[in-house]
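To find a chain, count down the sequence lines: A is the first, B the second, and so on, and within it residues start at 1.
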There are 2 protein chains.
Amino acid sequence: MARKTGSHSEITGPRVRAAALALFARHGFAAVSMRQIAAEVGVQAGALYLYTPDKQTLLFDLMRTHMDDVLTAWAATPKAPTPRARLDCFARFHIRFHLDRPEAVFVSYMELRNLDAANFATIEGLRRTYETELEAILQEGKASGAFSLSDTKLATLAFIAMLTGPTNWFREGGRLSRAEIEDIYAQMVLNAAGA
Amino acid sequence: MARKTGSHSEITGPRVRAAALALFARHGFAAVSMRQIAAEVGVQAGALYLYTPDKQTLLFDLMRTHMDDVLTAWAATPKAPTPRARLDCFARFHIRFHLDRPEAVFVSYMELRNLDAANFATIEGLRRTYETELEAILQEGKASGAFSLSDTKLATLAFIAMLTGPTNWFREGGRLSRAEIEDIYAQMVLNAAGA
DNA sequence: GAGTGATCTGAACGGACGTTCAGTTCAAGG
DNA sequence: CCTTGAACTGAACGTCCGTTCAGATCACTC
């Protein structure tokens with residue numbers, strides 16, 4: 001037994017990443033073995049090394065892909081005319097986007113400490129870039145008098161922490177729909193900004 | 001070589017817990033070995049089992065102790081007269097208390113998935129109890145018209161996520177003091193509640 | 001239909017893991 | 001000063017870890 005019928009690199013590669021993401025999210029990077037990932041894919045552990053040079057890089061690639069996806073999706077979102085509308089738009093974008101990929105969000109936040117120094121710096125840079133997008137909105141609103149905020153840097157961190165929360169508890173078919181959560185959180189953020 | 005001069009159960013026990021807490025916070029439960037904890041304490045791995053039945057219980061005890069501490073400290077905080085003052089008080093308490101023990105906060109949040117079912121249920125129950133304290137304040141304020149909130153459950157989760165944020169980035173001697181952070185966050189929470 | 005290369009197996013590598021335990025050491029009580 | 005037992009060592013247990021690699025298999029090309 002070796003090569004299975006119909007197996008291709010373009011199929012197995014994504015399946016490896018999907019299995020790794022799901023397992024890392026559920027049990028944590030350090031608690032998941034390459035053999036578990038392989039079993040999930042239906043392959044022997046050695047075969048994983050056709051798709052990643054090592055376990056650490058597998059984690060890093062998942063996180064970098066996620067961060068790239070966030071930034072790309074936000075860049076493709078039309079810019080609203082006023083700071084208030086832009087903040088509302090950002091809040092709704094953030095919740096919607098993150099609710100669609102809870103595993104990637106969870107891993108990208110929880111497993112930062114398992115990255116080596118160079119990989120950590122890369123991911124941290126991307127995160128900073130995203131935060132800066134929000135802070136720019138807050139600064140504009142503060143300058144124009146649309147928001148009343150004593151510290152835009154703190155508000156940035158506070159809003160992102162708040163808006164990421166639903167990712168940890170949202171379940172399809174729960175008490176509230178995505179749209180309702182989006183509405184409520186957007187309203188709380190606007191309130192908190194003094195808009 | 002065995003028993004070192006001046007070593008006692010009352011000294012080594014706390015040192016084991018302190019070393020475990022610090023290492024779990026930095027590297028994660030699954031990534032830390034009993035031998036690393038022992039080395040930090042200055043003891044052989046086998047000696048740890050005089051102070052904990054196993055690694056999982058060591059983690060659980062750290063988390064339960066932390067949750068008990070939170071609830072005890074909050075219970076000892078005087079109740080303010082109005083919902084608005086109580087929310088302000090809760091926000092300041094939460095930030096102050098959590099900024100004083102960032103490692104315990106980090107571990108208690110990040111390592112939930114490494115608890116077995118029974119231990120998880122216990123910790124989750126304590127967490128729920130704490131959240132209920134905040135939600136009660138929000139409900140009173142909503143009922144009295146002091147707050148304008150569409151959903152007190154969501155607001156509870158959102159505020160706790162927001163208020164716990166500083167634990168992850170606060171550094172002594174940074175740009176802002178504890179008191180300043182406390183002021184800013186308390187204000188943002190009151191705004192978000194529509195107070 | 002032979003040959004080639006991408007894909008995967010299965011076994012092995014040295015090392016680290018959590019946990020146990022017989023034996024050693026030493027502070028303290030009589 | 002002798003005994004006792006709490007505190008700890010050091011070695012061992014079986015198991016699993018990440019990673020490597022020679023060899024097997026099979027889809028494809030010519």
> Of the candidate nucleotides C/dC8, C/dG18, D/dG18, which contains the atom at the shortest distance from the side chain of A/Leu50?
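Taking heavy atoms from C-beta onward, the closest nucleotide is C/dC8.
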
> Within the side chain of B/Arg127, is there an N or O that forms a donor-acceptor pair under 3.5 Å with the backbone of B/Met67?
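No, B/Arg127 side chain to B/Met67 backbone: no donor-acceptor pair under 3.5 Å.
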
> Please identify each residue that fulfils side chain to side chain donor-acceptor pair (under 3.5 Å) with B/Gln187, with sequence neighbours left out.
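Testing B/Gln187 for side chain to side chain donor-acceptor pair (under 3.5 Å), a comparison that skips the adjacent residues, returns B/Asn191.
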
> What nucleotide, of D/dT19, D/dC8, D/dT9, holds the atom closest to the side chain of A/Tyr49?
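Closest nucleotide to the A/Tyr49 side chain: D/dT19.
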
> Scan B/Glu10 against the nucleic acid and name what it touches under 4.0 Å (heavy atoms): base, sugar-phosphate only, or nothing.
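Counting heavy atoms under 4.0 Å across all strands, no contact is made by B/Glu10.
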
> Heavy-atom nearest nucleotide on DNA chain C for A/Leu48 versus A/Arg35: which residue maps closer to 5'?
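Its nucleotide being nearer the 5' end, the pick is A/Leu48.
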
> Can you tell me how far C1' of C/dC17 sits from CG of B/Asp54, to the nearest Å?
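In whole Å, C/dC17 C1' and B/Asp54 CG are 14 Å from each other.
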
> Which part of the nucleic acid does A/Val41 contact within heavy-atom distance under 4.0 Å: base, sugar-phosphate only, or nothing?
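No contact.
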
> If you only use heavy atoms from C-beta on, which nucleotide in D/dT19, C/dC8, D/dG10 is closest to the side chain of A/Lys55?
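Comparing D/dT19, C/dC8, D/dG10 against the side chain of A/Lys55, the answer is D/dT19.
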
> Can you measure A/Asn114 atom CG to D/dC17 atom C1' for me and round it to whole angstrom units?
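These atoms are roughly 15 Å apart.
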
> Nearest to the side chain of A/Ala45, heavy atoms from C-beta on, is which of D/dT9, C/dT19, D/dT19?
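Taking heavy atoms from C-beta onward, the closest nucleotide is D/dT19.
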
> Rounded to the nearest angstrom, tell me the gap between atom CD1 in A/Ile11 and atom C1' in C/dA6.
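Rounded to whole Å, this separation is 14 Å.
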
> Quick check on DNA chain D: between B/Gln44 and A/Val32, whose nearest nucleotide comes earlier from the 5' end?
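Its nearest nucleotide being more 5', the pick is B/Gln44.
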
> Atom CD1 of B/Ile37 and atom P of C/dA16: how far apart are they, to the nearest Å?
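Rounded to the whole Å, the gap is 17 Å.
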
> Less than 4.5 Å apart, side chain to side chain, heavy atoms only: is that true for B/Phe60 and B/Thr122?
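Yes - at least one pair of side-chain heavy atoms lies under 4.5 Å apart.
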
> Return no unless some side-chain N or O of A/Gln56 is found under 4.0 Å from OP1 or OP2 of D/dG18.
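Result: no.
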
> Without decimals, in angstroms, what is the distance between B/Met34 CE and C/dC17 P?
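Rounded to whole Å, this separation is 12 Å.
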
> If the cut-off is 4.0 Å, is A/Tyr51 near the phosphate of C/dC8, judged by side-chain N/O to OP1 or OP2?
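So the side-chain polar atoms of A/Tyr51 do come within 4.0 Å of the phosphate oxygens OP1 or OP2 of C/dC8, strictly under.
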
> So which nucleotide from C/dG18, C/dT9, D/dC8 ends up closest to the side chain of B/Ser33?
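From the listed options, C/dG18 comes nearest.
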
> Have a look at A/Tyr185 and tell me which of A/Arg92, A/His94, A/Met162 forms a side chain to side chain contact (heavy atoms under 4.5 Å, CB included) with it.
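Only one of A/Arg92, A/His94, A/Met162 forms a side chain to side chain contact (heavy atoms under 4.5 Å, CB included) with A/Tyr185, namely A/Met162.
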
> Look at A/Thr12 and C/dT7 and indicate whether a side-chain polar atom (N or O) is within less than 4.0 Å of OP1 or OP2.
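For C/dT7, neither OP1 nor OP2 has a side-chain N or O of A/Thr12 closer than 4.0 Å.
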
> What's the closest nucleotide to the side chain of A/Ala47 if the choices are D/dT19, C/dT9, C/dT19?
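The answer is C/dT9, which lies nearest to the side chain.
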
> Aromatic rings A/Tyr130 and A/Phe93: how do their planes relate, parallel, tilted or perpendicular, breaks at 30° and 60°?
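Geometry flag for A/Phe93 against A/Tyr130: tilted rings.
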
